[in-house]
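Report on the structure given below.
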Amino acid sequence: MRGYTQAIGTQFPGISKISVQTGTSHGGVPLPDGGMAEVKLDFSVLERTGQVAREKYHICGVVQHGASTLPNELFDQFPRHQTLEIHLATGF
């Protein structure tokens, strides 16, 4: 972020949110038997990165990408960890 903010200076408005890798992948990870691998999502990455984004860089927060294959029982965790948006949550 330091390099980014130095590069754009005050000439441009900058970004309002960021996306981080938390362990998901678009479309999931198919298994040999045709099922899908269990997702090992690290919600602490969303929470900690979002906190830094808001407090240090004054942007809105963190976006979770690749949520199309997440099990429904994980979705209540996103607001608990202050996730700004969840993208491509087709099952939800």
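The first residue in the sequence is number 1, and the count goes up from there.
- Rounding to the nearest 0.5 angstrom, the gap separating the OG atom in Ser19 from the NE2 atom in His87 is 8.0 Å.
- For the residue pair Arg80 and Asp76, the shortest heavy atom distance occurs at NH2-OD2, 3.1 Å.
- For the atom pair Gln77 CD and Ile86 CD1, the distance stands at 11.0 Å (nearest 0.5 Å).
- Remark: Thr22 OG1 to His81 NE2 distance equals 11.5 Å, nearest 0.5 Å.
- Nearest approach of Gly61 to Ala53, heavy atoms of both residues: CA-CB, 4.3 Å.
- Taking all atoms of both residues into account, the shortest heavy-atom contact from Leu70 to Phe75 is O-CE1, 3.8 Å.
- Side-chain atoms of Arg2 and Tyr57, non-hydrogen and from C-beta on, do get closer than 4.5 Å to each other.
- Between the side chain of Thr83 and the backbone N or O of Pro79 there is no donor-acceptor pair closer than 3.5 Å.
- Using a 4.5 Å heavy-atom threshold, the side chains of Thr49 and Ile18 count as touching.
- Counting heavy atoms from C-beta on, the side chains of Gln82 and Arg54 come closer than 4.5 Å.
- A distance of 9.5 Å separates CZ of Phe12 from OH of Tyr4, quoted to the nearest 0.5 Å.
- Of the residues Leu74, Val20, Leu84, Leu46, the one that meets the side chain to side chain contact (heavy atoms under 4.5 Å, CB included) test with Gln64 is Leu46.
- In this view, Asp33 satisfies the salt bridge (Lys or Arg N to Asp or Glu O under 4.0 Å) rule with no residue, not counting sequence neighbours.
- Among all heavy-atom pairs drawn from Met1 and Ile59, the shortest one is CE-CD1, 4.3 Å.
- Hydrophobic clustering (ILVMFWY, side-chain heavy atoms < 4.5 Å, transitive): Ile15 and Val62 are in one cluster.
- If you chain together hydrophobic residues whose side chains sit under 4.5 Å apart, Val45 and Phe78 fall into the same group.
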